[in-house]
Amino acid sequence: MAQAVEEWYKQMPIITRTYLTAAIVTTIGCSLDIISPFNLCLHPTLVVKQYQFWRLITNFLFFRKMDLDFLFHMFFLARYCKLLEENSFRGRTADFFYMLLFGATFLTGTVLVGGMIPYLSESFAKIIFLSNSLTLMMVYVWSKQNPFIHMSFLGLFTFTAAYLPWVLLGFSVFVGASAWVDLLGMIAGHAYYFLEDVYPQMTGRRPLRTPSFIKALFADEAVVVARPANVRFAPPPAEEVHQD
């Protein structure tokens, strides 16, 4: 059993394995009082005035108390982060990292701006950890790219993948988690999906092109399609050769 888990862990792609490991270690550390959640949370004043910039990252690593909601989020993080990295972003680790960076930036900016809007500031001020939101963003992007896959939730009912984020939102509300947190993740996921998949088809422009300095951080191997040996291709017709 332990060997099977170890093999499963080693087969995870690099981004998924790194994020999952950091999230589990951080959450366990907080549960054992080794780490204080207050030192990890998103606190705009401490970030700006005391330069505690690590909070911009660590607030995505803590998944609150280790309960049923934590186990579900770890499962969905491991599953859908892995599915995205191995399929939609296969051979494009830099693009996948950029997607997560976009999501983290979008979520952080939304919370900071929302905290300055009257009547909404109180609700946004309570959102100090965005780990669940980032997980829901990945689930949302995957569901948009695979909308017709049939799924089952705990064996209770079946649905297509397009409704998966809404099912998880309902489950979060059922276990007493904040609906705002999951909604923010869905909004971030839709923003990425629109800018990456819909908008380029409408305009021919791709606003979320991964910067070259991020590509330089990851040595992705090019996907090469081998051509069968001893295969000759016929020359094009004469009219195509001389056609202007």
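All values reported here derive from a predicted model rather than from experimental measurement.
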Tell me, which pairs form a ring-ring contact (aromatic ring centres under 6.0 Å, His included) where one or both residues lie in residues 125-151, sequence neighbours left out?
F62-F129, Y80-W142, Y140-H190
Given the rule that I, L, V, M, F, W and Y join up when any side-chain heavy atoms are under 4.5 Å apart, are W166 and V139 in one cluster?
yes
Between L61 and T27, which heavy-atom pair has the shortest distance, and what is it?
O-OG1, 3.6 Å
Not counting sequence neighbours, which residues clear side chain to side chain donor-acceptor pair (under 3.5 Å) with T16? List them please.
E85
State, to 0.1 Å, how close L164 and F159 come at their nearest heavy-atom pair, and which atoms those are.
CA-CE1, 3.8 Å
Not counting sequence neighbours, which residues clear side chain to side chain contact (heavy atoms under 4.5 Å, CB included) with I34? List them please.
L32
Among all residues two or more places apart in sequence or in another chain, which pass the side chain to side chain donor-acceptor pair (under 3.5 Å) test with S88?
Q145
So if you build clusters from Ile, Leu, Val, Met, Phe, Trp, Tyr with side-chain heavy-atom gaps below 4.5 Å, do L46 and L130 land together?
no
Just to verify, what does Y163 make a side chain to side chain donor-acceptor pair (under 3.5 Å) with, not counting sequence neighbours?
none
Given a cutoff of under 4.5 Å between side-chain heavy atoms of I, L, V, M, F, W and Y, with clusters grown through shared members, what are the other residues clustered with W54?
none
Beyond-backbone contact of I15 with T93, side-chain heavy atoms, under 4.5 angstrom:
yes
Could you tell me if the side chain of M137 sits less than 4.5 Å from the side chain of L100, heavy atoms only?
no
Value for CG (L184) from CG (L134), rounded to nearest 0.5 Å, stands at 11.5 Å
For a quick test of your reading: what N or O donor-acceptor pairs under 3.5 Å do the side chains of residues 102-118 make, sequence neighbours left out?
{"unit_1": "T105", "atom_1": "OG1", "unit_2": "L101", "atom_2": "O", "d": "2.8"}
{"unit_1": "T108", "atom_1": "OG1", "unit_2": "A104", "atom_2": "O", "d": "2.8"}
{"unit_1": "T110", "atom_1": "OG1", "unit_2": "F106", "atom_2": "O", "d": "2.7"}

Could you see if F38 belongs to whatever hydrophobic cluster contains I128? Use Ile, Leu, Val, Met, Phe, Trp, Tyr and a side-chain cutoff under 4.5 Å.
no
What heavy-atom pair brings A162 and P165 nearest, and what distance separates the two atoms?
O-CD, 3.8 Å
Please report the interatomic distance CE(M99) to OG1(T210), rounded to the nearest 0.5 Å.
11.0 Å
May I have all residue pairs that pass side chain to side chain donor-acceptor pair (under 3.5 Å) and include part of residues 38-52, sequence neighbours excluded?
Q50-Q52, Q52-R55
To the nearest 0.5 angstrom, please state how far the CG atom of L136 sits from the CD1 atom of I187.
11.0 Å
Report yes if the side chains of T160 and I149 come closer than 4.5 Å at any heavy-atom pair, otherwise no.
no
Looking at residues at least two apart in the chain, or sitting in another chain, which of them share a salt bridge (charged side-chain N to carboxylate O under 4.0 Å, His left out) with K82?
E86
Using residues 18-26 as the side-chain source, report each donor-acceptor pair under 3.5 Å to any protein atom, sequence neighbours left out, with the distance given to one decimal.
{"unit_1": "T18", "atom_1": "OG1", "unit_2": "I14", "atom_2": "O", "d": "2.8"}
{"unit_1": "Y19", "atom_1": "OH", "unit_2": "F60", "atom_2": "O", "d": "2.7"}
{"unit_1": "T21", "atom_1": "OG1", "unit_2": "Y9", "atom_2": "OH", "d": "2.5"}
{"unit_1": "T21", "atom_1": "OG1", "unit_2": "R17", "atom_2": "O", "d": "2.7"}
{"unit_1": "T26", "atom_1": "OG1", "unit_2": "A22", "atom_2": "O", "d": "2.7"}

Main-chain N/O of V181 paired with S133 side-chain donor or acceptor, under 3.5 Å:
yes
Reported CZ-to-OG1 distance for the pair F76 and T135, which is rounded to 0.5 angstrom:
10.5 Å
I want to check something: taking the side chain as every heavy atom from C-beta on, are Y98 and R209 in contact at a cut-off of under 4.5 Å?
no
Partners passing salt bridge (charged side-chain N to carboxylate O under 4.0 Å, His left out) against R79 (at least two apart in sequence or in another chain)
none
Could you note down all residue pairs passing salt bridge (charged side-chain N to carboxylate O under 4.0 Å, His left out) where residues 171-200 supplies at least one of them, sequence neighbours left out?
E196-R206
I57, CD1 atom: more than 12 neighbouring heavy atoms under 6.0 Å
no
